[in-house]
Amino acid sequence: MHTALVNPKGNWWLPAHKGEKVWVIIAFAWCMVLFAMMPLWHFKGGQNPAGVRHRVVPATYMNRVQEFTNQYRVGEEYGLPVVAPPPGADVYLIGMQWQWFPSLKLQKGVQYTLHLSSLDVDHGFNLYPLNINFMVLPGYDYALRVTPNQSGDYRIVCNEFCGIGHHTMVGRILVTDEPNAAPAAAPPGGTQ
Ligand code: CUA
């Protein structure tokens, strides 16, 4: 019987073969390349969000989202308001346990400033089926300049575990080719 406490029999230890040494050197050199890529990619990779970040009180942000929703609301689906902001608008989206609010209807080829924040815990903004990922944190308003370049019906999938309903946290962004209809005028003196 062999155990790890007893030396194996025979001459098991041989000096490393030349080929093995070469592989160790290549692997080490590659490790160094990858190590150097981490800081280099930060500056050269074009992967950093082109936006600004501000601190914000979650409740204040929620009010802003509500205001934005009331202003540009064009309909409702699955109990969520559908909001179609005009070109160039500041778009406010909030993640909360367990939904993305509201549903957005954007226009292709038009720039928006997309604000992202959370009401409660950390959420992950993952725009399916595209490979766009962004952490959404309570207390921070990330304003990203975005120009949808493809029309389609996109899903926002939460990719940060945020509690028991995490897997149900799916939102919607519809990108259309036609210009967004102007929002209906608010009734005189009233709110929508
Ligand atoms: Cu929100 Cu997971």
Side-chain angles (χ1 to χ4, degrees), residues 37-38 41-42 45-176 180 183 191-192:
M37 285 306 281
M38 284 193 278
W41 206 245
H42 178 71
Q47 58 166 2
N48 302 316
V52 286
R53 189 179 69 173
H54 295 290
R55 289 209 76 119
V56 70
V57 176
T60 310
Y61 187 84
M62 186 69 224
N63 289 341
R64 228 175 270 168
V65 173
Q66 205 60 62
E67 212 174 286
F68 160 78
T69 302
N70 293 340
Q71 196 172 358
Y72 302 121
R73 181 189 187 120
V74 292
E76 192 180 306
E77 58 172 23
Y78 309 114
L80 276 182
V82 179
V83 181
D90 280 86
V91 176
Y92 291 92
L93 183 72
I94 193 165
M96 64 185 92
Q97 286 168 324
W98 289 279
Q99 59 173 307
W100 297 98
F101 184 95
S103 284
L104 297 173
K105 195 176 162 210
L106 304 178
Q107 198 185 319
K108 182 183 151 186
V110 163
Q111 196 187 68
Y112 301 91
T113 304
L114 176 63
H115 294 259
L116 290 173
S117 192
S118 163
L119 183 64
D120 35 48
V121 299
D122 295 1
H123 297 283
F125 176 96
N126 174 208
L127 196 60
Y128 182 84
L130 303 178
N131 186 16
I132 295 175
N133 290 284
F134 210 83
M135 285 292 291
V136 179
L137 311 176
Y140 291 95
D141 172 351
Y142 287 91
L144 306 166
R145 264 173 285 285
V146 297
T147 306
N149 57 7
Q150 247 177 55
S151 53
D153 192 355
Y154 299 95
R155 293 290 178 275
I156 312 165
V157 178
C158 182
N159 64 2
E160 188 70 34
F161 183 73
C162 55
I164 195 79
H166 161 70
H167 61 289
T168 66
M169 190 169 164
V170 180
R172 187 181 188 210
I173 297 181
L174 188 68
V175 177
T176 58
N180 275 339
T191 52
Q192 290 184 42

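Order of listing sets the numbers, starting from 1, for every ligand and every atom in it.
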Over all atoms of both residues, closest heavy-atom pair of Met169 and Gly95
CE-CA, 3.9 Å
Applying ring pair (Phe, Tyr, Trp, His ring centres under 6.0 Å), name anything that partners Tyr128, two or more places apart in sequence or on another chain.
none
Measure across Ser103 and Glu77 and return the closest heavy-atom pair with its distance rounded to 0.1 Å.
OG-OE2, 3.6 Å
Between Asn126 and Ile156 (side chain of the first, backbone of the second, donor and acceptor by atom type, cut-off under 3.5 Å), is there such a pair?
no
Evaluate the criterion salt bridge (charged side-chain N to carboxylate O under 4.0 Å, His left out) for residue pair Arg64 and Asp141; output intermediate values, then yes/no.
CA-CA 11 Å; Arg64 228 175 270 168; Asp141 172 351; 3.6 Å; yes
Listed protein N/O/S atoms, distance to atom 1 (Cu) of ligand 1 under 2.8 Å
His123 ND1, Cys158 SG, Cys162 SG, Met169 SD
Under the criterion side-chain hydrogen bond (donor to acceptor under 3.5 Å, both in side chains), I'd like the reasoning laid out for Arg55 against Tyr140: C-alpha separation, chi angles, the key distance, then a yes or no.
CA-CA 5 Å; Arg55 289 209 76 119; Tyr140 291 95; 3.2 Å; yes
